[in-house]
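Small disclaimer: the values here were computed from a predicted structure and weren't measured. Residue numbers start from 1 in every chain, and the chains themselves are labelled A, B, ... in the order their sequence lines are given, proteins ahead of strands. Every heavy atom of this structure was used, including side-chain atoms; hydrogens, water molecules and symmetry mates were not.
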Amino acid sequence: MNLEIYAYKCRKCGQLHYPYRMMCKKCHNNEHNAFDPVPLPHKGKLLTFTRLQTLAADFSVPDIQLGIVELENGIRMLGQLQIAKPKSGMAVTGSVGVVRQMGYNTYHGMIFHEAK
Amino acid sequence: MREVYVIGIGITSFSRLEYPLSEIAAYPAMMAMRDCGIEKVDHLYVANMGASRVSGQTALASAVVDTLSLTPAGAEAIENGPASGASAIKQGFMAVASGLHDVVLVTGAERMREVNNLEATDFVATLTHPIAEYIYGTTLPSLAAMFTRLYMDKYGVTSRHLAMVAVKNHDNAMNNPFAHLHQPITLEGILDGPEALTNNPFVSDPLRFFDFCPVSDGAACVILASKEVADKVKRPRVRLAGVGQATDTHAVHEREEPTDLLAVRRAAEQAMKMAGIKPSDVDVAELHDAFTILEIVESEEVGFFKKGEGHLALEKGETRMGGKIPINPSGGLKAKGHPVGATGLGQAHEIVTQLRGEAKKRQVKDAKIGFTCNFGGFGNNVVCLTFMRED
């Protein structure tokens, strides 16, 4: 099963939002269920990144890489990276996987790799 | 709107405090009441971020008002992340300015060292976006690191500039008896020398250990009053002349220009406009340097320097004691400490002390106008305040 992360498109003005919000940031459409979910693209450009070495106690690894990626449709998102030598501006591709395990709760998110 | 004056101030050491949170909050309140000779107040605002999560205490304001034997005065807690302190001051300002109350006590307290550093970092991280940031393991240090890399790429800020902020603020804190860190540091020790990587390891690259503020317990208090009350208090007269607040997107990646801190810019504009001043009128400022990069960027966003030139002003020494606009004479969050919910009150305490001319070795000469920037979230909720000495 291919997992997706969704942006939300305003039914009134077409504005895309990620993450989800209740009212459109462009036209302030305040109707209930005002958005259509749209899968986020998996390709994009790495804008910035870091290797974080002080993690919350629920992580069982010594460090994680985080980055902000501008996706093909212009939406930006934060994700984890699995890239040996990240560089600002490099092309990346993402897949949805487990990014955090907190007790019995498993959280999925986007994990980016260097584009081939 | 009525004019609002700061008539009394108090503060604890920012360090590790082995007392119940309600007593930590009450101690500077007692000092502030002694400072101005007031024995009763109309209302209390208690700023705090982590009482329920870190200290296991809810309804903190009820505990504080009773600890101070100030019942039946009204009391409420204000939680607005790391901007809780200045938010509470703003609430107090509105209560007095509107005529609802004549004297209000605003105290802020945090006891973060009750838990270990990892838990404290995770507690603060819960202010990030729960779905788009927090689940990935995002912490405030990691957001600051990614922001720093963007700033380095765009404006030429270097690790040396960041280290210069740390050295300056550690030096300033040496003259502040309430500061958490009384530890002078050098560029040689944290950047250039052979031991630098050991002394100053990477925490979240490009940021290193000395780019971050310590995790502190602490509390501070201001008492605000109407002109009629202030006229009877025999202390140097300081007016809270301007308040400003603005918000930005919860998730940092959504911002149109990721190197802008628009909430800082907007809150500062409001606070200065209300006071009828411009950035060049400010004599002394306390900016929210939880991370060294923030002092540089906030100094631009509040209007002291042009966008992208804060690090150049730092190089010229314009932000150090004796410079054009001394920033963080207290040591800032970087060295004075950052008890999150109390930080805005700690900043106000320092500025009022400076404007009263009572800052001793760290006194900024002839300071008449002071400014604070209390930065909540990663710039998504910011409160700025302008203070003026009136003789």
Side-chain angles (χ1 to χ4, degrees), chain A residues 5-8 15-22 25-26 40 44 46-71 74-81 86-89 94 96-102 105-112, chain B residues 53 115-126 128-154 197 200-209 211-212 215 247-259 291 293 378:
Chain A
I5 295 176
Y6 291 90
Y8 295 87
Q15 174 74 33
L16 275 174
H17 303 79
Y18 173 78
Y20 176 77
R21 57 185 64 213
M22 298 285 283
K25 64 183 175 188
K26 186 177 176 189
L40 285 172
L46 183 63
L47 296 183
T48 183
F49 58 92
T50 187
R51 180 178 293 277
L52 175 62
Q53 304 189 54
T54 53
L55 303 172
D58 52 272
F59 281 92
S60 55
V61 293
D63 55 50
I64 57 172
Q65 284 178 314
L66 296 167
I68 293 177
V69 171
E70 186 166 291
L71 300 169
I75 291 282
R76 294 194 206 111
M77 74 177 301
L78 184 146
Q80 287 185 358
L81 310 182
K87 283 185 182 172
S88 299
V96 178
V98 174
V99 292
R100 191 164 186 172
Q101 183 80 41
M102 296 174 76
N105 296 320
T106 300
Y107 295 92
H108 288 80
M110 196 74 93
I111 301 168
F112 289 99
Chain B
R53 180 172 170 123
V115 294
N116 66 42
N117 272 4
L118 294 182
E119 286 181 64
T121 299
D122 192 44
F123 142 62
V124 178
T126 59
T128 62
H129 194 288
I131 303 300
E133 293 177 334
Y134 181 73
I135 62 160
Y136 289 97
T138 304
T139 60
L140 272 293
S142 63
L143 290 176
M146 289 188 281
F147 178 83
T148 302
R149 191 180 300 281
L150 287 168
Y151 228 79
M152 287 175 156
D153 289 347
K154 186 165 183 179
L197 201 55
N200 192 19
F202 284 99
V203 172
S204 190
D205 68 318
L207 297 182
R208 299 164 71 156
F209 180 79
D211 288 312
F212 298 96
V215 175
T247 54
D248 205 340
T249 61
H250 192 182
V252 171
H253 62 76
E254 267 202 288
R255 296 174 193 167
E256 194 167 333
E257 175 48 65
T259 50
F291 318 108
I293 184 70
F378 196 80

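When heavy atoms are compared at a cutoff of 4.5 Å, B:Phe202 approaches chain A by way of both its backbone and its side chain. With a threshold of 4.5 angstrom between heavy atoms, A:Phe49 approaches chain B through its backbone and through its side chain. Interface remark: B:Thr138 contributes backbone and side-chain atoms alike to the contact with chain A (heavy atom separation under 4.5 Å). Of the atoms belonging to B:Tyr134, heavy atoms from both backbone and side chain fall under 4.5 Å from chain A. Proximity to chain B (any heavy atom under 4.5 Å) is shown, for A:Thr54, by both the backbone and the side chain. Both the backbone and the side chain of A:Ile68 come within less than 4.5 Å of a heavy atom of chain B. In this structure, the portion of A:Ile5 lying under 4.5 Å from any heavy atom of chain B is its side chain and not its backbone. Interface residue A:Met110: backbone and side-chain heavy atoms are both found under 4.5 Å from chain B.
Shown here for B:Tyr136 and A:Ile64, the closest heavy-atom pair between the two residues is O-CD1, 3.3 Å. Contact record, B:Met146 with A:Thr48: O-OG1, 2.8 Å, taken as the closest heavy-atom pair. Across all non-hydrogen atoms, the minimal contact from A:Leu47 to B:Leu150 is O-CD2, 3.7 Å.
With A:Arg76 contributing its side chain and B:His253 its backbone, the two residues share a donor-acceptor pair below 3.5 Å.
Separating the OG atom in B:Ser142 from the CG atom in A:Leu55 is a distance of 9.0 Å, to the nearest 0.5 Å. How far CG of B:Leu118 is from CZ of A:Phe59: 11.5 Å, rounded to the nearest 0.5 Å. Taking NE2 of A:His17 as the start and OG1 of B:Thr249 as the end, the distance is 12.0 Å to the nearest 0.5 Å. Atom CG of residue B:Asp205 and atom CD of residue A:Gln53 lie 7.5 Å apart, to the nearest 0.5 angstrom. Between A:Met77 atom CE and B:Glu254 atom CD the span is 11.5 Å, to the nearest 0.5 Å.
The number of heavy-atom neighbours closer than 6.0 Å to OH of A:Tyr20, taken from other residues, nucleotides and ligands shown, is above 12. No more than 12 heavy atoms of other residues, nucleotides or ligands lie within 6.0 Å of CE in A:Met22, so this atom counts as exposed by the packing criterion. Within 6.0 Å of atom CD in B:Glu257, more than 12 heavy atoms from other residues, nucleotides or ligands are found, so the atom counts as buried in its surroundings.
No hydrogens or angles considered: a donor-acceptor pair under 3.5 Å links the side chains of A:Thr50 and B:Ser204.
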| request: In sequence, state the C-alpha distance, the side-chain angles, and the governing distance for B:Thr139 and A:Leu52, and then conclude on side chain to side chain contact (heavy atoms under 4.5 Å, CB included). | output: CA-CA 9 Å; B:Thr139 60; A:Leu52 175 62; 3.6 Å; yes
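Contact count versus chain A (heavy atoms, under 4.5 Å) is highest, among B:Glu133, B:Arg149, B:His129, B:His250, for B:Arg149.
Side-chain contact between A:Leu78 and B:Leu143 is present, with heavy atoms from C-beta onward closer than 4.5 Å.
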